[in-house]
Amino acid sequence: MVDPKIVREKMDVIQKSLEKRGVEFDLANLIKIDNERRALIQETEKLKKEKNELSEEIARLKKKGMPSDEQIEHLRELGQIIDEREQRLKIVEKNWEDMLLLIPNIPHSSVPAGKTDHDNQVVMVWGNKPAFDFMPLAHWELGEKLDILDFKRAAKITGSRFTLYKSSGALMERALINFMLDLHTRNHGYTEVLPPFMVNRETMTGTGQLPKFEDELFKINDTDYFLIPTAEVPVTNIHSNEILKEEELPLKYVSYTPCFRKEAGAHGKDTRGLTRQHQFNKVELVKFAHPEHSYEELESLLLDAEDILKTLKIHYRVSLLCTGDLGFSASKTYDIEVWLPGQNIYREISSCSNFESFQARRAKIRYRTHTGKTEFVHTLNGSGLAVGRTVMAIMENYQTKDGSIIIPEVLRPYMGGISIISR
RNA sequence: GGAGGGAUGGCUGAGUGGCCGAAAGCGGCGGUCUUGAAAACCGUUGGGCGUUUACGCGCCCCGUGGGUUCGAAUCCUACUCCCUCCGCCA
């Protein structure tokens, strides 16, 4: 949620932000509702003050003599008027909040203007495309030939966009999860957490998935629980409604979870292989940072995520997302895009964002400053990394002419020492 | 799933209809004392909203929502969560 004070006092800032993002929103109406809301608050509070004073008067009189019937009758009437005002206020307030929750975050000043992902800026490139003296295959071809990925049977079991991993494929997925968790906990100072994979509506609202994106989520029938689309949701909400100590910031968590997404609107896109699934595994990095240091923390978060690909020795580049491609809750986002020689494309494998106080305000995550005040923390997160897409990247980058896959050195201890997957 | 018990400030814990936003203790912070520290003593110590240049003033919050009452932390009600016992179960 954006700061309501900014909406009220610096409407042009919000207006510009909406334009940069290419989002339509009736700001004038929101301001109108806010004014109505505040007028109602002032009116009811004035009445309440009057009521409180009279009430005390009656309490005093009761001790000595009896209060008059007229006074009690007057109070009763006052109470009725207040009830009526409060009911109106409640409606207006709900309306106001509903609208506020639909305003996207304000992009950071360093975010380039742009409309689509074509306007994103490549800010760094690591390594080189591997040279092959044969036509490299896409991972789905390799996976089926090696009998380690079975898309047909997954479709039989559930439906499209699911995968059955087998033998070394399943082993590699599991190995990567452990490798990533170990690297981030041992080398980068993150605390491992294993959260619930279902969350309630309030939690989903805290990180910004609700109310706007309900149609992208899987909801459990007959409950108000949702399957998480990313560990960001449960992990960021670990500290919802809490006041943290300034000196314990930044808090850093790493979490493995499966992720469930409907991917509405992506029909017909990336239908083959592991790229776009309704269920996939991800190791996620989450930080709670001091507002003064959150952009430094974003840079180090990005490096922590990059470290996985560096250690696996896979070529990638980093893009800075433009205003039009930026997610609803984010102020600034870097995408790590891994090279996939079998498909001849770069593909997003991690997205690292600073949400500033946007999620913290929704989820009420605060810290106490040295002066004793409470302020909202800044929340950040990034994939470290998407596991299925990492399997995909290893398969395509480490393939050999005969269709085998060499296991990256660092992964071998996690895979029982094997160095190659072949038929 | 069945039967009971409970939810109060950072923590422990009083409070069963009217200066209770809440006693007391612990913890935290500031101070006195001390070369320094401890102990002791004194003071201070929740959050949100509205208004205000500011000092301040006002309103709301005792798990959450509704209700009774002139007045609710206190009474009623629904829900949520926690604890104990029984059943079931990985």
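Convention: sequence-line order gives letters A, B, ...; per-chain numbering from 1.
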Does the separation of the ring centres of A/Phe162 and A/His278 fall below 6.0 angstrom?
yes
Quote, to the nearest angstrom, the C1' distance that separates B/G21 from B/G15.
13 Å
If the cut-off is 4.0 Å, is A/Asn52 near the phosphate of B/G58, judged by side-chain N/O to OP1 or OP2?
no
Measure from the side-chain heavy atoms of A/Ser55 and tell me the nearest of B/C70, B/G50, B/G47.
B/C70
Tell me whether A/Arg366 is salt-bridged to A/Glu246, with the criterion being a basic N under 4.0 Å from an acidic carboxylate O.
no
Whole-Å distance, A/Glu43 CD to B/G50 C1', equals 14 Å
My understanding is that a pair needs two contacts under 3.5 Å, Watson-Crick or G-U wobble. By that rule, which nucleotide pairs with B/A38?
none
Which base, if any, makes a Watson-Crick or G-U wobble pair with B/U84, both distances under 3.5 Å?
B/A3
Paired with B/U44 by Watson-Crick or G-U wobble geometry, both distances under 3.5 Å: which nucleotide is it?
B/G28
When you get a sec, tell me which of B/C81, B/G50, B/C59 is the closest nucleotide to the side chain of A/Arg37?
B/G50
What is the nucleic acid contact for A/Gln42, judged by heavy atoms within less than 4.0 Å: base, sugar-phosphate only, or nothing?
sugar-phosphate
Mind checking who B/C19 pairs with, Watson-Crick or G-U wobble, both distances under 3.5 Å?
none
Do A/Phe288 and A/His378 make the cut of ring centroids closer than 6.0 angstrom?
no
Heavy-atom nearest nucleotide on RNA chain B taken for A/Glu50 and for A/Arg76; more 5' hit belongs to A/Glu50
Watson-Crick/G-U partner (both atom distances under 3.5 Å) of B/U68
none
Expressed as a whole number of angstroms, how long is the span from A/Glu375:CD to B/G48:C1'?
14 Å
Interatomic distance at P, B/A54 relative to B/C61, whole Å:
26 Å
Select one nucleotide: of B/G66, B/C70, B/G18, the one nearest the side-chain heavy atoms of A/Lys90.
B/G66
Taking the six-membered ring for Trp and the single ring otherwise, decide whether the centroids of A/His239 and A/Tyr253 are under 6.0 Å apart.
yes
Mate of B/C89 across any strand shown (Watson-Crick or G-U wobble, both atom pairs under 3.5 Å) is none
Should the ring pair A/Tyr190 and A/His188 be called parallel, tilted or perpendicular, given that the plane angle runs from 0 to 90° and is split at 30 and 60?
perpendicular
Any side-chain N or O of A/Arg8 below 4.0 angstrom from OP1/OP2 of B/G50?
yes
So what does A/Thr374 touch, heavy atoms closer than 4.0 Å: a base, only the sugar-phosphate, or nothing?
sugar-phosphate
Pairwise C1' distance for B/A73 and B/G13, with rounding to whole Å:
15 Å
Give the rounded distance in Å between these two atoms: CZ of A/Arg366 and P of B/G10.
10 Å
Rounded C1' spacing from B/G65 to B/A7 in Å:
16 Å
Earlier contact from the 5' end, RNA chain B, for A/Ile41 and A/Arg368
A/Arg368
Counting only Watson-Crick pairs (N1-N3 plus N6-O4 or O6-N4) and G-U wobbles (N1-O2, O6-N3), all under 3.5 Å, who is the partner of B/U51?
B/G56
Side-chain donor/acceptor of A/Glu45 to base of B/G58, under 3.5 Å:
yes
